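To start, the structure under review is shown below, and the notes come after it.
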Amino acid sequence: MRSHHWPTAAALFTAYIAGVDALNNGLARTPHMGYNTWNCFAGDINEDIIKSTADIMVKSGLIKAGYDYLVIDDGWSELDRGKDGRIMASKTRFPSGIQHVADYVHSKGLKYGMYSDAGSKTCLGLPGSRGNEELDAQYFADLGVDFLKYDNCYASASDWIVDRYSAMRDALNRTGRPILFSMCNWGAGDPWKWAQKVGNSWRTTQDIENSWDGMLRCLDNTIGLSRYAEPGAWNDPDMLEVGNSGLLENEQRSHFALWCLLKSPLFIGADLRKLSKSALEILTASEVIAVNQDPLGVAGDLIWKEGPIEVYAGPLKGGSRAVVLFNRHSITTQYPISNVTVTWKQLGYPSDAQATVRDLHAEKDVGVFAEAFTAGVDIHDAVMVKITPLKSQQKYDDWRPWPERDTLQPSPASTSFA
Ligand code: GLA
């Protein structure tokens, strides 16, 4: 008698995902950049904050640096839907009406983003969109929304996460308006395995906290996931804390350099009315941002680690590499500086290749090196360089930063049918 071979849950999952329709919005070919209200204001938002943020994004040069979305996070709506079932913006927070706010943001040359949730309520307990996807997607499209952040609170465990997010993806597609779809599902359901067809980015972690350890937790949860990112679909280790009080200046610099290298979406979450000059400099470092926005669209990753010393790298179009040399030694250590080395071998170059090393923060060439480059890196700081071989760059274009090492291999698909 022939034995029956039942497909494994993993095979069923793969087959199911292969049949899922795509997100056809053509957006986020490079990681999205902008401003989001949550990290600094939480739910305490209003129309003055949004309008002054829009003004400053233009005046400070942030929009020129690439930050072109202004996103209102949780807290914007009334507690109840209207009689017609439509979600309603808070009249006390937005006395001139949410359309006025959307129009104001657009009039500044910015794109306008809003927030909802793939459950019955948002995390602040306001109306979520589950079951009302069509109505809400149309509401957002009618307002001229260009970006939707979609959270994961108040969802029923039996309502599969892929279905919940795909329902809003489909509803957004049906409006005919290109709306960037930013999935905020905290890494739940291992989105890197399936969300390329659903969202333009997916959160890999719980919320960032305004602290060094909080930032590192988001980083560590994203390591090893670079292979799943591609143009239009990015890992999102959460929004930036640059400019907030919890990180020292060097910590903000390394946070930003790492997020750029990982090809994270870059969303500022500080009060722009009080932004320090140094935070603005970090956020507008054009050669660092250029790595994030590089047209090759391959995310960088951790390629070497020894204790608290880490090397991150990714390929750039034309055969160069972006490298972040990172020192995460405890602040109480006796030695403030560590030498951190990257070898050409680690980057897929022949050891004898002559290559220019450029410091992307200083915007200066450091020199021409063969075999390796070493920098002294301050505690909690990062040195970010671009390495460009003098000859035959093109042939180095297909190197990828995902190592063979088992420790960085993702586990096999574990999501099963609920
Ligand atoms: C969740 C998200 C945050 C933010 C809040 C809003 O915690 O992960 O980014 O949107 O909800 O309530």
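Since we're looking at a predicted model, the values are computed, not measured.
One distance of note links CD1 of Ile45 with CH2 of Trp38; it measures 9.0 Å at 0.5 Å rounding. Atoms CD1 and OG, from Ile379 and Ser338 in turn, are 7.0 Å apart once rounded to the nearest 0.5 Å. Considering CE of Met168 and CD1 of Ile179, their distance stands at 9.0 Å, rounded to 0.5 Å. Rounded to the nearest 0.5 Å, atoms CG (Asn46) and CG (Asp44) are 7.5 Å apart. For the atom pair CG of Leu27 and CG of Leu180, the computed distance is 5.5 Å after rounding to the nearest 0.5 Å. A distance of 12.0 Å separates CH2 in Trp192 from CZ in Arg227, rounded to the nearest 0.5 Å.
The two residues Gly189 and Trp194 have their closest heavy-atom pair at O-NE1, 2.6 Å. Taking all atoms of both residues into account, the shortest heavy-atom contact from Gln196 to Lys193 is OE1-C, 3.9 Å. Looking at every heavy atom in both residues, Trp402 comes nearest to Ala299 through CZ3-O, 4.1 Å. Scanning all heavy atoms of the two residues, the minimum distance from Ser254 to Trp212 falls at OG-CZ3, 3.8 Å. In plain terms, the two heavy atoms of Pro191 and Arg203 that are nearest each other are CG-O, 3.7 Å. Among all heavy-atom pairs drawn from Gly224 and Asp301, the shortest one is N-OD1, 3.0 Å.
When side chains are defined from C-beta on, Arg358 does not count as touching Val385, because their heavy atoms never get closer than 4.5 Å. Contact annotation: the side chain of Asp73 approaches that of Asn36 to within less than 4.5 Å [non-hydrogen atoms, C-beta and beyond]. Val383 is not listed as a side-chain neighbour of Val324, based on a closest heavy-atom distance of 4.5 Å or more. Residues Ile50 and Val105 form a side-chain contact, since some pair of their non-hydrogen atoms from C-beta on lies under 4.5 Å apart. Within the 4.5 Å cutoff, no side-chain heavy atoms of Lys108 are placed close to those of Lys51. Considering only heavy atoms from C-beta on, Thr122 comes within 4.5 Å of Tyr115 through its side chain. Using a 4.5 Å cut-off on side-chain heavy atoms (C-beta onward), Trp304 and Val342 make no contact. No side-chain heavy atom of Phe140 sits less than 4.5 Å from a side-chain heavy atom of Arg177.
Each of Phe147, Tyr35, Tyr112 was compared with Tyr69 under the ring-ring contact (aromatic ring centres under 6.0 Å, His included) criterion, and only Phe147 meets it.
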**Asked** side-chain hydrogen bond (donor to acceptor under 3.5 Å, both in side chains) between Tyr154 and Asp117: does it pass, once the steps are laid out?
**Response** CA-CA 8 Å; Tyr154 293 96; Asp117 187 286; over 6 Å; no

**Request:** In sequence, state the C-alpha distance, the side-chain angles, and the governing distance for Met239 and Thr37, and then conclude on side chain to side chain contact (heavy atoms under 4.5 Å, CB included).
**Result:** CA-CA 10 Å; Met239 301 176 291; Thr37 49; over 6 Å; no

**Message:** With side-chain hydrogen bond (donor to acceptor under 3.5 Å, both in side chains) as the criterion, how do Asp170 and Tyr165 come out once you've worked through the C-alpha distance, each side chain's angles and the decisive distance to 0.1 Å?
**Reply:** CA-CA 9 Å; Asp170 293 342; Tyr165 278 85; over 6 Å; no

**Request:** Could you please spell out the steps behind the side chain to side chain contact (heavy atoms under 4.5 Å, CB included) verdict for Gln293 and Met33?
**Result:** CA-CA 10 Å; Gln293 298 292 306; Met33 297 173 65; 3.4 Å; yes

**Message:** Show, in sequence, the C-alpha distance, side-chain angles and deciding distance for Phe267 and Val71, and conclude whether the side chain to side chain contact (heavy atoms under 4.5 Å, CB included) test is met.
**Reply:** CA-CA 9 Å; Phe267 277 76; Val71 181; 3.8 Å; yes

**Asked** Should Trp76 and Ile87 be marked as a side chain to side chain contact (heavy atoms under 4.5 Å, CB included) after you check the CA-CA gap, both sets of side-chain angles, and the distance that decides it?
**Response** CA-CA 10 Å; Trp76 63 268; Ile87 208 160; 3.7 Å; yes

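Side-chain contact annotation: Glu47 with Ser96, donor-acceptor N/O pair under 3.5 Å present. Residues Asn221 and Thr205 have side chains that never bring a donor and an acceptor to within less than 3.5 angstrom of each other. Ser129 and Asp136 are linked by a side-chain donor-acceptor pair at a separation below 3.5 angstrom, with hydrogens and angles left out of the test. Between the side chains of Asn235 and Trp202, at least one donor N or O sits under 3.5 Å from an acceptor N or O. Side-chain atoms of Asp190 and Tyr228 form no donor-acceptor pair, as typed in the model, at a separation below 3.5 Å. Donor-acceptor pairing under 3.5 Å is recorded for the side chains of Thr222 and Thr204. No donor-acceptor contact under 3.5 angstrom links the side chains of Asn25 and Asn173, judged on distance only. Checked by atom type, the side-chain pair His32/Ser182 shows no donor-acceptor distance below 3.5 Å. There is a side-chain donor-acceptor pair under 3.5 Å between Arg164 and Asn152.
Using a distance-only test at 3.5 Å, with no hydrogens or angles considered, a donor-acceptor pair links the side chain of His255 to the main chain of Glu241. Side chain of Tyr349 to backbone of Tyr396: no donor-acceptor contact under 3.5 angstrom is found. Formation of a donor-acceptor pair under 3.5 Å by the His329 side chain with backbone atoms of Ile309 is not found in this model. The backbone N or O of Leu135 sits nowhere less than 3.5 Å from a side-chain atom of Gln138 that would complete a donor-acceptor pair. Not one N or O on the side chain of Asn339 forms a donor-acceptor pair closer than 3.5 Å with the backbone of Thr374. The main-chain N or O of Ile56 is found under 3.5 Å from a side-chain atom of Ser60 such that the two form a donor-acceptor pair. A donor-acceptor pair under 3.5 Å is formed between the side chain of Asn185 and the backbone N or O of Ala188. With hydrogens and angles disregarded, a donor-acceptor distance shorter than 3.5 Å links the side chain of Arg169 to the backbone of Lys197. With hydrogens and angles ignored, the 3.5 Å screen pairs no side-chain donor or acceptor of Gln252 with any backbone N or O of Ala279. At least one donor-acceptor pair closer than 3.5 Å links the side chain of Glu133 to the backbone N or O of Gly131.
With respect to the salt-bridge test (charged N to carboxylate O, under 4.0 angstrom), the residues Asp271 and Lys274 qualify. A salt bridge is defined here as a Lys NZ or Arg NE, NH1 or NH2 lying under 4.0 Å from an Asp or Glu carboxylate O, and Glu287 with Lys386 fails to meet this definition. Ion pairing between Asp68 and Lys111 holds under the 4.0 Å rule for side-chain N and carboxylate O.
Ring pair Phe373/Phe369 is perpendicular by interplanar angle, where above 60° counts as perpendicular and below 30° as parallel.
By the salt bridge (charged side-chain N to carboxylate O under 4.0 Å, His left out) test, Asp381 is found to be paired with Arg253, residues two or more places apart in sequence or in another chain being considered.
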Show which side-chain atoms of residues 258-265 pair as donor or acceptor with protein atoms under 3.5 Å away, not counting sequence neighbours.
unit_1 : atom_1 : unit_2 : atom_2 : d
Trp259 : NE1    : Asp238 : O      : 2.8
Lys263 : NZ     : Val291 : O      : 2.5

